[in-house]
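Structure, as structure tokens:
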Amino acid sequence: MNETTAASASASATDAAEAGDAPVVVGEGVRKSYGDVVALDDVDVTVGEGEVFGLIGPNGAGKTTLVRALTGTTDAEGTIRVLGSSPSTVDPQRIGLLPQSFDPPERLTARELVDYYGGLYEDAREVEAVLDDVGMADDADVWYETLSGGQKRRTCVATGIVNDPDLLFLDEPTTGIDPAGRRSIHRLVERLAADGTTVFLTSHAMDEVERLADRVALLRDGGVVAVGAPADLIAEHGGDPRLEVSLDGSGPDDADLEAVRNALDGVEAEAIPDGLAIEPTPDGLRVLGVRPEGIGAVVDALGAVGVEFESLTWAEPSLEDVYLRLTGEEYSPRSGGIAPGNPEEGGSR
Ligand SMILES: Nc1ncnc2c1ncn2[C@@H]1O[C@H](COP(=O)(O)OP(=O)(O)OP(=O)(O)O)[C@@H](O)[C@H]1O
């Protein structure tokens with residue numbers, strides 16, 4: 001149901017309507033230039049009520065500029081409606097924003113900061129509950145300037161949710177936060193979404209976006225190149241499941257690869273479909289298209305041609321694979337992959 005075509009993707013109103021949500025964020029033909037730099041090039045984006053909407057893309061793709069345009073912190077061409085109003089007239093009580101760069105007064109404690117930002121709203125949440133939400137209850141009396149990077153970021157997240165917003169923009173909320181802290185922020189986002197908050201999440205952590213987002217838009221060079229539910233994007237653009245084979249010593253030479261390919265060609269296993277390909281990796285090789293039940297056949301094929309391995313790791317495609325493919329940043333084998341029936345072509349899938 002979601003449009004995930006790379007060439008013509010836009011985070012369309014139709015998607016949100018199909019998701020059964022009234023649009024909370026609508027951007028149509030959004031453009032923004034800084035001198036000669038086109039940061040946003042005709043971006044369409046629609047986010048439905050209660051959605052967690054992920055925005056991903058390489059450095060400089062335009063993510064922060066889009067967040068700034070949608071929140072009215074920079075001007076932009078095009079049509080933008082947020083909670084039914086223009087960004088400049090929307091009720092600030094209903095919007096929460098964690099900017100990518102945020103430098104609050106340093107000689108305040110975490111508790112004082114949350115209290116200060118809460119005081120900017122007519123109605124704010126109880127400070128202790130907000131500190132607890134972001135895992136800062138125990139360090140609430142430490143000056144901001146002496147907090148660690150991750151503790152600072154948690155405190156900043158707290159200032160973004162102190163007004164109990166209906167729409168929350170989080171621009172890279174977990175940067176610098178340790179794994180346990182990231183999990184607690186993830187649970188917080190899940191709780192907020194379950195309570196009906198719409199979340200616009202920008203992140204470079206693909207696992208985070210895959211876990212949290214109902215839909216994801218991939219921005220590249222100021223344009224949306226794909227949008228859809230993570231599972232739909234992965235099915236369309238994520239590629240094959242793969243078996244990573246780490247070899248003893250150095251990586252395989254071309255003769256090893258050819259031998260393994262020939263051995264696998266001779267294996268009749270439903271779990272090794274036609275089109276299976278092998279490509280070298282820095283410490284071994286990668287078998288593409290193999291399902292878990294085919295791993296044994298691969299092991300047998302390796303053994304048959306005398307290739308000894310240290311470890312095997314099977315993985316399904318993920319949002320990271322989608323990202324790498326659609327941004328052209330996927331791993332490029334040093335001498336090209338070998339696809340059955342077309343060994344000269346080699347290279348990427
Ligand atoms: N204030 C500004 N003045 C001039 N150019 C800017 C300004 N802000 C952003 N840009 C440029 O606009 C483009 C998009 O930047 P933006 O910060 O939106 O990217 P991003 O996707 O958020 O990147 P990152 O992942 O590194 O945060 C970049 O080329 C950037 O250099």
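Just so you know, ligand 1 is whichever comes first in the structure, and atom 1 is the first atom listed for that ligand. Given the structure is predicted, the values throughout are model-derived calculations rather than measurements.
Looking from atom 16 (P) of ligand 1 to the surrounding protein, the closest heavy atom is T65 OG1, 3.6 Å. Of the protein's non-hydrogen atoms, T64 CB, 3.8 Å is the one closest to atom 17 (O) of ligand 1. Regarding atom 24 (P) of ligand 1, its nearest protein heavy-atom neighbour is N59 ND2, 3.5 Å. For atom 29 (O) of ligand 1, the nearest protein heavy atom (residue, atom name, distance) is V37 CG1, 3.6 Å. Protein heavy atom at the shortest distance from atom 11 (C) of ligand 1 is Y34 CD1, 3.9 Å. Protein heavy atom in closest approach to atom 28 (C) of ligand 1: G60 O, 3.8 Å.
Taking distance alone, with nitrogen or oxygen atoms compared against 3.5 Å, A39 stays at or beyond that limit from ligand 1. For ligand 1, the polar-atom distance check against G57 finds no nitrogen or oxygen pair separated by under 3.5 Å. Ligand 1 has an N or O atom lying under 3.5 Å from an N or O atom of A61, backbone or side chain. Annotation: R68 places no N or O atom under 3.5 Å from an N or O atom of ligand 1; distance criterion only.
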Determine whether F102 and T155 satisfy the following criterion, side chain to side chain contact (heavy atoms under 4.5 Å, CB included), listing intermediate values before the conclusion. CA-CA 11 Å; F102 187 38; T155 305; over 6 Å; no
What do the steps show when you test D321 against I234 for side chain to side chain contact (heavy atoms under 4.5 Å, CB included), and what is the final call? CA-CA 8 Å; D321 296 300; I234 291 166; over 6 Å; no
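With hydrogens and angles ignored, the 3.5 Å screen pairs a side-chain donor or acceptor of N163 with a backbone N or O of Q93. Although no hydrogens or angles enter the test, the distance criterion places a donor-acceptor pair under 3.5 Å between the side chain of T73 and the main chain of R68.
Summarising the local packing, CZ of R211 is surrounded by more than 12 heavy atoms from other residues, nucleotides or ligands at distances under 6.0 Å. The number of heavy atoms from other shown groups lying within 6.0 Å of CG (D139) is above 12.
Taking a 4.0 Å cut-off on heavy atoms, K32 fails to register as neighbouring ligand 1. P58 counts as a contact of ligand 1, since one of its heavy atoms falls under 4.0 Å from the ligand.
Per-residue contacts place Q100 under 4.0 angstrom from the following atoms of ligand 1 (heavy atoms of the residue considered): 27 (O). Those atoms of ligand 1 with a heavy atom of H204 less than 4.0 angstrom away are 25 (O). Remark: ligand 1 atoms within the under-4.0 Å shell around heavy atoms of K63 are 18 (O), 19 (O), 20 (P), 21 (O), 22 (O), 23 (O), 24 (P), 25 (O). Ligand 1 places these atoms under 4.0 Å from at least one heavy atom of E172: 25 (O), 27 (O).
For the pairing with R154, the salt bridge (Lys or Arg N to Asp or Glu O under 4.0 Å) check across D132, D138, D178 returns one residue only, D178.
The CD atom of E208 lies 5.5 Å from the CG atom of L201; values are rounded to the nearest 0.5 Å.
In this structure, a donor-acceptor pair under 3.5 Å is absent between the side chains of E210 and S318. Between the side chains of T109 and D141, no donor-acceptor pair of N or O atoms lies under 3.5 Å.
At least one protein heavy atom sits closer than 4.0 Å to atom 9 (C) of ligand 1. Closer than 4.0 Å to atom 31 (O) of ligand 1 lies none of the heavy atoms of the protein.
Heavy-atom minimum distance, V209 versus L319: CG1-CD2, 3.8 Å.
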